[in-house]
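Chain identifiers are assigned alphabetically (A, B, ...) following the order of the sequence lines, protein sequences preceding nucleic acid strands; residue numbering begins at 1 within each chain.
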Amino acid sequence: MKDRRIEIVPPEGVPVSLNVATAGARFGAQTLDILITFGGMFLILLFVIFTNFLDEGLLVSLFFLLTFFLRVPYYIFSELVWNGRTLGKRIVKIRVISADGGRLTPHQIVARNLMKEVEVFLPATTLLTGNFGNGWTGFAIIVWMCAILLFPLLNKRRLRLGDMIAGTLVVEQPKAFLMPDLAAPKVKNASGFVFDVSHLNIYGRFELQALEGILRERPKTPDARQRVSDVVRTIRRKINYVEPLLPNDHWAFLTDFYRQQRAYLESRQLFGDARENKFHDKSKD
Amino acid sequence: MMIRSSRFRAEREAGWKKMETLVTVAEANGMSALSYEQAQSLASLYRQAVNSLSVARSISMDKALLAYLDALCARAYLVVYAPQESVRGAVLRLFTSGIPRAVRRSALPLFIGFLAMVLGAVVGYLLYFQDPEWFFTFVPPSMSDGRAPGASVEYLRSTLFDDDRQGGESLGVFASFLFSHNTRIAIFIFALGIFASLPSFILTFYNGLLLGAFFAMFAEAGLGYELFGWLSIHGVTELSAICVACAGGAQLGLAVLLPGNITRREALRLAGRDAVKLMILAGLMLIAAAIIEGFFRQLVQNTELRLIIGWGIGALWLAWLMLAGRGPEIEHDL
């Protein structure tokens, strides 16, 4: 799935975008959580067996009670305390958020985790134990349980039924990394190439940002340098820049062009002339 | 000379970086890891950053900057708007007002839930008297445990008043087994409700059929009153729990069937608020029922006492649900 971005509107009214967690990440977090809860139960049972103050029958009942009284609270409390992140989710760096842009409420957390009992654990244990009737009912149960388990794969936001009822989403933890500003002036480039309006009128935002991508990394291999030269050649042809240019100056040419093009496009935008891409002239017709 | 968007960025970058460190701390250790001043400055830095994002989107074409601000604001938003309830406060509110209010708001689904059970019981009862063979259709042999039409009155009586079969220790196992079985049924009934309520209705109806057929069989043997006591002691709580679970399911089903002017997903979300509380209530009642069943039913062998305990506990549930949380409306009860 390519487009996993969704927009959330916080109370401040400015939309922020987040990536919906992949099905693989969800599955991984779930598996980790199951390992953690069952590991915890196992330790408690082991402790009880060692201290030896319960007989076999009560151990069985303890096991049943523990599954219920450990598992449900684990998910609810960890998501409540760690703001939508169980330990498993913390490890795979995903989290639960409220789809309406507000804060995550206890109701939402309880709702989605109670539904988890129904749509994850019940089908999973039933399918794993193979404990269903035969004939048509058995078949129907298998189909139904598979459908419930696979439900998140069938919608774009990867919602479980519990997410739908609770109004929650599971997203990737956003990572913020600030790269240097390419348009910040460097002294040595102060007297570089100068482009006039006829040169800058060609491209739009899309091409500018593509160029930004190229400029983020200086070419190190001859191959990369060749690609940069190709870019320079294309740009020169396109904007009709006829001045002579030494191969050594290719990088400086691109940086200067980027800076002036961006300044030009941004000021055009301020005047209400937003240029999405190089077809901006044609789209006006 | 710097271009406008670079100047914009250079002026604000320090603030963003400062916020980023604060957010990183809060993400790892929670808001409580921040000092008072830090928390305060995080709030104002967050508003400034959101403001920057909004401005940058209209004046800047620097893709790296836009992506950074977007992610930074998202991270800060998740920290600033974290759940604020303490676990204890949330639980307390759930019991004092959340559940009782949800119950009082859900008259129709509760009616559907109890109706399913009662209808099932009546139909089961009547069908049994028409033809006792129906009993074998309704009740799986594993469940009837010899209690079938034609069994001797003595045997039937012994199943109601057994004094020595269960020792003190196996009570626990018995209770928790029954508890997990009933919980499973209740969860099924609730979860299936999402498919237009019909499956929960049918499952509850079927539970009613079982009940009706059993009752008819004991009534035929002249043990109707005794069975009523035997069932009452835990059944008032347990059967109500199943009806409540059915009501929760019906709540969801009704949202899917009759969403009104909103989308089905939205309707489901709204109905979920009360449905989940009904399900929590059903779970609590089942736990209570399992305790009563495991300990009191075997200990209390007197029918009158069983009736008093069973219906007394029922009255307590009703009192809680009807009386608690009657105050000025609070916007969000859990």
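- By the neighbour-count criterion of 12 heavy atoms within 6.0 Å, atom NZ of B:Lys17 is densely surrounded, having more than that number from other residues, nucleotides or ligands.
- A:Phe177 and B:Tyr68 get closest at one heavy-atom pair: C-CD1, 3.4 Å.
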Worksheet item: Passes side chain to side chain contact (heavy atoms under 4.5 Å, CB included), A:Leu182 versus B:Asp62? Steps please.
Response: CA-CA 8 Å; A:Leu182 292 174; B:Asp62 187 349; over 6 Å; no

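- The greatest number of non-hydrogen atom pairs below 4.5 Å with chain B, out of A:Gly101, A:Gly213, A:Ser267, is found for A:Gly101.
- Although no hydrogens or angles enter the test, the distance criterion places no donor-acceptor pair under 3.5 Å between the side chain of B:Arg269 and the main chain of A:Gly167.
- Other residues, nucleotides and ligands place no more than 12 heavy atoms under 6.0 Å from the CD atom of A:Glu217.
- Only the backbone of B:Val80 comes within less than 4.5 Å of a heavy atom of chain A; no side-chain atom from C-beta onward does.
- Top candidate by heavy-atom pairs under 4.5 Å with chain A, chosen from B:Ser58, B:Ser54, B:Ala71, is B:Ala71.
- For a residue to count as touching a neighbouring chain, one of its non-hydrogen atoms must lie under 4.5 Å from one of that chain's; by this rule B:Ala76 does not touch chain A.
- Of the atoms belonging to A:Val171, not a single heavy atom falls under 4.5 Å from chain B.
- Interface summary for chain A: among B:Ala275, B:Cys73, B:Ala74, the most heavy-atom pairs under 4.5 angstrom belong to B:Ala74.
- Annotation for B:Ser5 and A:Glu266: closest pair OG-OE1, 2.6 Å, computed over non-hydrogen atoms.
- The contact between A:Phe77 and chain B is made entirely by side chain atoms (from C-beta outward), counting heavy-atom distances below 4.5 Å.
- Contact of A:Gln108 with chain B is not made at all, since no heavy-atom distance falls under 4.5 Å.
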Practice prompt. Kindly indicate, with the supporting measurements, whether the criterion side chain to side chain contact (heavy atoms under 4.5 Å, CB included) is fulfilled by A:Arg262 and B:Ser6.
Written response: CA-CA 10 Å; A:Arg262 192 171 122 192; B:Ser6 298; 3.6 Å; yes

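- Inspection of the A:Glu12 and B:Tyr46 side chains reveals an N or O donor paired with an N or O acceptor under 3.5 Å.
- Here the straight-line distance linking atom CG of A:Asp181 with atom CZ of B:Arg9 works out to 4.5 Å at 0.5 Å rounding.
- With chain B as partner, the option from A:Leu265, A:Val16, A:Leu104, A:Leu178 having the largest number of non-hydrogen pairs under 4.5 angstrom is A:Leu178.
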Worksheet item: Can you list the steps and then say if B:Arg273 with A:Ile165 is a side chain to side chain contact (heavy atoms under 4.5 Å, CB included)?
Response: CA-CA 8 Å; B:Arg273 298 198 77 82; A:Ile165 289 172; over 6 Å; no

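- Panel note: side chain B:Tyr77, backbone A:Gly102; a donor-acceptor pair is recorded below 3.5 Å.
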Worksheet entry | Residues A:Val14, B:Arg57; criterion side chain to side chain contact (heavy atoms under 4.5 Å, CB included); working and verdict | CA-CA 10 Å; A:Val14 180; B:Arg57 278 189 179 144; 3.8 Å; yes

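- Of all the heavy atoms in B:Ile3 and A:Ala263, the pair that sits closest is CG2-CB, 3.2 Å.
- Of the atoms belonging to B:Arg75, heavy atoms from both backbone and side chain fall under 4.5 Å from chain A.
- Two residues are said to be in side-chain contact when any heavy atoms from C-beta on lie closer than 4.5 Å; A:Leu270 and B:Arg4 meet this criterion.
- Taking each heavy atom of B:Asp70 and A:Arg5 in turn, the nearest pair found is OD2-NH2, 4.1 Å.
- No part of B:Glu266 comes within reach of chain A, as not one of its non-hydrogen atoms sits under 4.5 angstrom from that chain.
- Distance check, rounded to the nearest 0.5 Å: CG of B:Leu66 to CD of A:Gln209 gives 7.0 Å.
- No side-chain heavy atom of A:Val110 sits less than 4.5 Å from a side-chain heavy atom of B:Lys277.
- Summarising the geometry of A:Met179 relative to B:Ala64, their closest heavy-atom pair is CB-CB, 4.1 Å, with the distance given to 0.1 Å.
- Applying the 6.0 Å contact sphere to CZ of A:Arg90 captures more than 12 heavy atoms from other residues, nucleotides or ligands.
- Judged purely by atom type and a 3.5 angstrom limit, A:Asn83 uses its side chain to pair as donor or acceptor with the backbone of B:Leu78.
- Proximity of A:Glu212 to B:Met61: side-chain heavy atoms (C-beta onward) are nowhere separated by under 4.5 Å.
- Ranked by non-hydrogen atom pairs under 4.5 Å with chain B, the options A:Arg95, A:Glu79, A:Arg85, A:Lys175 are led by A:Arg95.
- Heavy-atom neighbours of A:Phe206 CZ from other residues, nucleotides or ligands within 6.0 Å: at or below the threshold of 12.
- With a 4.5 angstrom heavy-atom cutoff, A:Leu161 touches chain B only via side-chain atoms.
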